[in-house]
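In what follows, a single structure is set out as structure tokens and then discussed.
A, B, ... follow the sequence lines: proteins, then strands. Residue 1 opens every chain. Note that the coordinates shown come from a computational prediction; the quantities given were computed from them, not determined experimentally.
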Number of protein chains: 2
Amino acid sequence: MPEAATPRLSAASEAWRLVGELWHEQKQRVTAIASEFELSPPQVWALRSLDPDDPVPMSALAETLRCDASNVTGIVDRLQDRGLVERRPAQHDRRVKHLVLTERGTALRAQLLARLDAPPAPIAALSPEDQRLLRDLLRRALD
Amino acid sequence: MPEAATPRLSAASEAWRLVGELWHEQKQRVTAIASEFELSPPQVWALRSLDPDDPVPMSALAETLRCDASNVTGIVDRLQDRGLVERRPAQHDRRVKHLVLTERGTALRAQLLARLDAPPAPIAALSPEDQRLLRDLLRRALD
DNA sequence: TATTGTTATACTCTATAACTATA
DNA sequence: TATAGTTATAGAGTATAACAATA
């Protein structure tokens, strides 16, 4: 980043900017993992957020993905075409459709999470103490 | 995240996951800032990475954006149409085109950075000491 | 009437491959 | 021949608006 345009940042701003850099640096890795499983990034987030033991309505997924509900239709369509997810009409309100991971979807999700959760180089290289410190700070922030 | 599928994470993995959550939580905010300026997210990253005082070739931008060079053509086209960026053939090699921020582009970029760098709620709510700690840890990680 | 999810539309991003103009 | 950037193409994500079925 050019120094001229970024004279002096507060600790909070710099921390935030560094979070962005870290994430952006790793975007490629996440995309690469996604294509290993022949998934797009939004499909990865969807699969990740679905709980094998707790079906949720489409609308809940839209909220998690932070996108319009109309997009979820297509994203779920493609997951469903691959037999990873099923739509199940809710009993109390037949407008609502619950998303259920299939057996295949559950298995794939587990593999996916194992790959995604592996810490990237910048974090892995920190000392164990720093890793714990970072975790605790982020826990506190997101609490 | 469901507990069943995520039995126990190392500190590094959990820290990494929390970084992802923090970033994802804020994606909406970044998108909202982008549309305030009528920019798409990749356009924001492009504008952010361009240095008013240091023109770079298209290929360098592609590398920064972590996308194929062919995408940069369109992204830059749209920025150029709005008079924010100019292509300038390099002197030493006329195949190369340097990207130069216009006066308007430079001004808009400054406004944009001011908005983007404002720390989001989770970080802003940390104590000043925690903010510095977080910054220092991330600096160390990304070093 | 209001709400859930779908469809239609238009635009952008994305990678791959073929092309051009320079080198 | 090799390289920088463009164009062509196909697929996916994105928001908006209009719609169907249900409440």
[X] [atom1] - [N] [atom2] separation (whole Å):
X	N	atom1	atom2	result
A:L61	C:dG5	CG	P	10 Å
A:E38	D:dG11	CD	C1'	14 Å
A:Q43	C:dT14	CD	C1'	14 Å
B:R82	C:dT12	CZ	P	11 Å
A:W45	D:dG13	CH2	C1'	16 Å
B:M58	D:dT3	CE	C1'	14 Å
A:D81	D:dG11	CG	P	14 Å
B:I75	D:dT7	CD1	C1'	15 Å

Considering heavy-atom distances to DNA chain D, does A:H92 or A:L65 have its closest nucleotide positioned more toward the 5' end? A:L65
Report yes if the side chains of [X] and [Y] come closer than 4.5 Å at any heavy-atom pair, otherwise no.
X	Y	value
B:E21	B:H24	no
A:P122	A:Q26	yes
A:Q131	A:L134	no
B:R48	B:D117	yes

Could you tell me whether B:P57 contacts a base, only the sugar-phosphate backbone, or nothing, with contacts defined as non-hydrogen atoms closer than 4.0 Å? sugar-phosphate
Report which part of the nucleic acid B:T31 touches: base, sugar-phosphate, or nothing (heavy-atom distance under 4.0 Å, all strands). nothing
Consider the side chain of [X], meaning its heavy atoms from C-beta on, and name the nucleotide among [options] that approaches it most closely.
X	options	result
A:R94	C:dG5, D:dA23, D:dT16	D:dA23
A:N71	D:dG5, D:dT16, D:dT14	D:dT14
B:D93	D:dT22, C:dA15, C:dA23	C:dA23
B:S70	D:dT14, C:dA17, C:dG5	C:dA17

A:R82 side chain vs A:E38 backbone, donor-acceptor pair below 3.5 Å: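 The answer is yes, because a donor-acceptor pair under 3.5 Å joins these two groups.
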Judged by each residue's nearest nucleotide on DNA chain C, which is more toward the 5′ side, A:T73 or B:S40?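 Whichever sits nearer the 5' end wins; that is A:T73.
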Does A:R87 make a side-chain N or O approach to OP1 or OP2 of C:dG5 shorter than 4.0 Å? no
If only side-chain N and O atoms of A:R78 are considered, is one of them under 4.0 Å from the OP1 or OP2 phosphate oxygen of D:dG13?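 Answer is yes, contact under 4.0 Å.
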I'd like to know if B:R95 reaches the base of D:dT3 with its side chain, counting only an N/O donor and acceptor under 3.5 Å.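 Checked by distance alone, the answer is yes.
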